Amino acid sequence: MPTIDFNNVSRPIAVSDESLTIPSVTGLIYTPIFKNPTLIGAAPGYYNSAYGITANVAPTPNSYFTCAIYDGALATGVQTGLAATPVFNGHYFMISEAGHAWLLGREAMPGKVAVGGWAQTGTLEGPGVKQNGSQGLYTFGSQRIWLRHPGIDNSGVSGFSSSVSMTRIP
Amino acid sequence: MIANRYFGLGFTGFGLVPDRSVDSMGVGLAWSWLNRRYGFRSNEAMLQAYYQAHLIGTSFLEPVISYIPNPGDSPRIQAAVAMTAQLTILF
């Protein structure tokens, strides 16, 4: 499910200090929190999962690199979530992401930034246009910006942002 | 695909209401630039705010208000406001 492993701005930073722990970066319920609009129709995700392989590398305790390749038939309109077996019709969705987390200042407020890129292969069609593949870049981050009772509880304020640009769109 | 650029941001407050340490609240903006080949507007902004209240045990009630000043589906659609309530029970 790439929308959980990639560009997931609501995933909290794992910290060992209980007073810094939060269950989620945000409780917003609109779709862009769960799936960036530029990836709708390309990246598999609820409710259209897809077969694929994901690999994670954590070279340091504060950083990670994740890459994956999925059945990309969703971009041709195939409802991959309804298919019991992979479609593999020559369309593949590839994505990779690197991120780094930190503890900011004397109050050790957790923050994170990540960048990623993706590519959809195969012939893609839209109204009046036909092209070979599509690609995009994205970045997102979050930062605890205020702790009301440092070291005592997790009350306070966090901020987050996410941005995406796609180079070509059918 | 429906969008080619996106920008979003938001803020979340945890335990800011006295004696409501498990509650949270937040606001967010999601702004998408849309694919006009499908007859959409050039862009769509979504503004949303919520308050997630702890009820009892592992249950939470979250009223949400959403405002879309420029619904992307068509330039003919006027601004929209939606109220949503979400009940979450963890088990």
Side-chain angles (χ1 to χ4, degrees), chain A residues 7 9-10 12 20-33 35-43 74-75 120 124-129 134 136-149 152-170, chain B residues 1-40 43-54 58 60-68 72 82-86 88 90:
Chain A
N7 206 356
V9 71
S10 66
L20 295 173
T21 301
I22 58 173
S24 177
V25 170
T26 179
L28 291 168
I29 62 171
Y30 53 39
T31 299
I33 284 295
K35 188 170 187 175
N36 254 305
T38 60
L39 295 176
I40 294 174
L74 178 66
Q120 169 72 46
L124 306 173
E125 294 186 49
V129 63
S134 185
L137 299 170
Y138 63 85
T139 181
F140 66 95
S142 63
Q143 175 66 54
R144 173 58 76 105
I145 56 179
W146 179 54
L147 285 170
R148 188 165 66 161
H149 304 127
I152 298 173
D153 61 38
N154 76 343
S155 63
V157 174
S158 283
F160 65 90
S161 76
S162 178
S163 66
V164 182
S165 77
M166 184 184 296
T167 56
R168 296 191 303 153
I169 186 169
Chain B
M1 288 175 261
I2 64 171
N4 64 349
R5 282 186 175 81
Y6 168 75
F7 174 74
L9 63 82
F11 296 94
T12 309
F14 303 94
L16 298 182
V17 176
D19 299 321
R20 302 289 303 176
S21 62
V22 189
D23 291 5
S24 65
M25 64 184 81
V27 295
L29 163 69
W31 196 352
S32 302
W33 283 257
L34 304 177
N35 186 350
R36 303 198 72 179
R37 293 181 188 278
Y38 292 92
F40 297 148
N43 64 92
E44 178 187 78
M46 301 174 71
L47 297 159
Q48 195 168 82
Y50 71 92
Y51 187 91
Q52 187 178 67
H54 178 231
T58 57
F60 298 83
L61 180 65
E62 180 180 339
V64 180
I65 183 166
S66 306
Y67 174 60
I68 303 177
M83 305 285 288
T84 310
Q86 176 173 276
T88 302
L90 304 174

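None of these values were measured; they are calculated from a predicted model. Each chain gets a letter, A, B and so on, in the order its sequence line appears, and its residues count up from 1.
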Can you tell me how far apart CG (A:Asn154) and CZ (B:Phe14) are? Round to the nearest 0.5 Å. 7.0 Å
Between chain B and each of A:Gly128, A:Gly27, A:Ser24, A:Ser142, count heavy-atom pairs under 4.5 Å; write down the option with the most. A:Gly27
Just so I understand: if I count every heavy-atom pair under 4.5 Å between each of B:Ala30, B:Gly26, B:Gly39, B:Ser21 and chain A, which residue has the most? B:Ala30
Give the member of A:Ile29, A:Val157, A:Asn36, A:Thr26 that has the highest number of heavy-atom pairs under 4.5 Å with chain B. A:Ile29
Picking from A:Ile40, A:Ile33, A:Val9, A:Thr31, which has the most non-hydrogen pairs under 4.5 angstrom with chain B? A:Ile40
In terms of heavy-atom pairs under 4.5 Å, which option from A:Gly159, A:Ala42, A:Ser158, A:Ser155 contacts chain B the most? A:Ser158
Whatever's closer than 4.5 Å to a heavy atom in chain A on B:Tyr50 counts as side chain
Not counting sequence neighbours, which residues clear ring-ring contact (aromatic ring centres under 6.0 Å, His included) with A:His149? List them please. none
Against chain A, label B:Ser32 side chain, backbone, both or neither, depending on which of its atoms sit under 4.5 Å from a heavy atom there. side chain
Under the salt bridge (charged side-chain N to carboxylate O under 4.0 Å, His left out) rule, collect the residues that match up with B:Arg20, sequence neighbours excluded. B:Asp23
Looking only at heavy atoms, the pair that brings B:Thr12 and A:Val25 closest together is OG1-O, 2.7 Å
Could you look at B:Thr88 and say if it's the side chain, the backbone, both or neither that has a heavy atom under 4.5 Å from chain A? neither
When the 4.5 angstrom heavy-atom criterion is applied to B:Gln48 and chain A, the contacting part is both
Atom CH2 of B:Trp33: over 12 foreign heavy atoms under 6.0 Å: yes
State whether the side chain of A:Arg148 and the backbone N or O of B:Gly15 hold a donor-acceptor pair below 3.5 Å, judged by distance alone. yes
Check A:Tyr30 against B:Leu9 and note the closest heavy-atom contact, atom names and distance. OH-O, 4.4 Å
Which heavy atom of B:Phe11 sits nearest a heavy atom of A:Phe160, and at what distance? N-CE2, 4.0 Å
Quick check: closest heavy atoms across B:Phe7 and A:Ser163, and the distance to 0.1 Å? CD1-CB, 4.0 Å
Backbone of B:Gly8 reached by a side-chain donor or acceptor of A:Ser162 within 3.5 Å: no
Can you tell me how far apart CD1 (B:Ile2) and CG (A:Leu39) are? Round to the nearest 0.5 Å. 10.5 Å
